[in-house]
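Both ligands and their constituent atoms are indexed starting at 1 by order of listing. Start at 1 with the first residue, then count along the sequence.
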Amino acid sequence: MSELFFLGTGGAVATKARDNTALLLHHGQDLVLVDCPGSVTRKIKTLGLDPRAVCAIQVTHVHPDHIYGLPSFVHSLMLADLRIRLFAAEESIHFCRELLSLYGLQDESIRCRIEFRAVGSGDRFEPLPGVECQAFHVPHKESSLAFAWSFPENGKTLLYSGDTPVFPPLFKQAAGMDTLIHDCSVPSRYFQEYPFLPSMHTNALDLGRMAQEARIKRLIPCHFFGELDFDMDEIALEIREHYQGDLVIPRDLMRIEL
Ligand SMILES: [Zn+2]
Ligand SMILES: [Zn+2]
């Protein structure tokens, strides 16, 4: 059985209810962490899981809300004899390596070892035995990646966009998938107000239209901006203008089955 937890569902600005977006994949005895903002160790324990079961970390991109907790997570495992593979684009790997080095977290005395694995757009890899993953470039930052997982055991498929504006090639890739977790930072009215947004993030109206065209079975929007004043009803209403599949508005620490 595979399950996925939302360690956070918010954008760069956390709110009382939503921390920065990060995911935790649980497959067999193993965990995969997708991005690493703050309090990851505590959140994994709150879910009744063991942070020492994290075998892989997949980094979408290195904006602070997605990566600032990496040194703290590795530090919290410094006494554990672990090998954790970190998958990311080459440029992000360089950044993560430097970040850990600043804290001396790649020194010999640190028993938890991070093994860096650079992946490019289209590359396939196995973060865990029995889980296949493919990386895709998305145009949010030069080195931003989306990740698509497939689970040969039950034939299910899942794609997580990371931070991204609407990117039609990604929806082509996601066509017919069981689950799409996608950037849905704001309702559409903010795209006029903040001209930088359309090149960085996706609004709820566009997401619903694209997900419907791609025949996504279950759509989970996330990365909601905490600094703007809107509620989840507005997000859901805009998505529902076009999208007729299964819509799940996530909460922090929510679990879904795959
Ligand atoms: Zn972000
Ligand atoms: Zn970002």
Say whether, by atom type as modelled, one donor and one acceptor occur between the side chain of Asp123 and the main chain of Gly120 under 3.5 angstrom.
->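 Pair found, side chain donor or acceptor close to backbone of Gly120.
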Under the salt bridge (charged side-chain N to carboxylate O under 4.0 Å, His left out) criterion, do Arg117 and Glu115 qualify, and how do the steps go?
-> CA-CA 7 Å; Arg117 301 274 194 276; Glu115 297 176 351; 3.5 Å; yes
Around the Zn ion (ligand 2), how many protein N, O or S atoms are there at under 2.8 Å?
->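 Near the Zn ion (ligand 2), the number of protein N, O or S atoms below 2.8 Å is 4.
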Should the ring pair Phe87 and Phe125 be called parallel, tilted or perpendicular, given that the plane angle runs from 0 to 90° and is split at 30 and 60?
->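 Taking Phe125 first and then Phe87, their aromatic rings lie parallel (interplane angle under 30°).
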According to the interplanar angle, ranging from 0 to 90°, do the rings of His63 and His140 count as parallel (below 30°), tilted (30 to 60°) or perpendicular (above 60°)?
->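 If you compare the ring of His63 with that of His140, the planes turn out perpendicular.
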Pairs satisfying salt bridge (Lys or Arg N to Asp or Glu O under 4.0 Å), at least one member in residues 91-109, at least two apart |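 Residue pairs passing salt bridge (Lys or Arg N to Asp or Glu O under 4.0 Å), neighbours aside: Glu91-Lys141.
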Examine the side chains of Asp163 and His66 and answer whether a donor and an acceptor come within less than 3.5 Å of each other.
->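 Checked: Asp163/His66 side chains pair up, N/O donor to acceptor below 3.5 Å.
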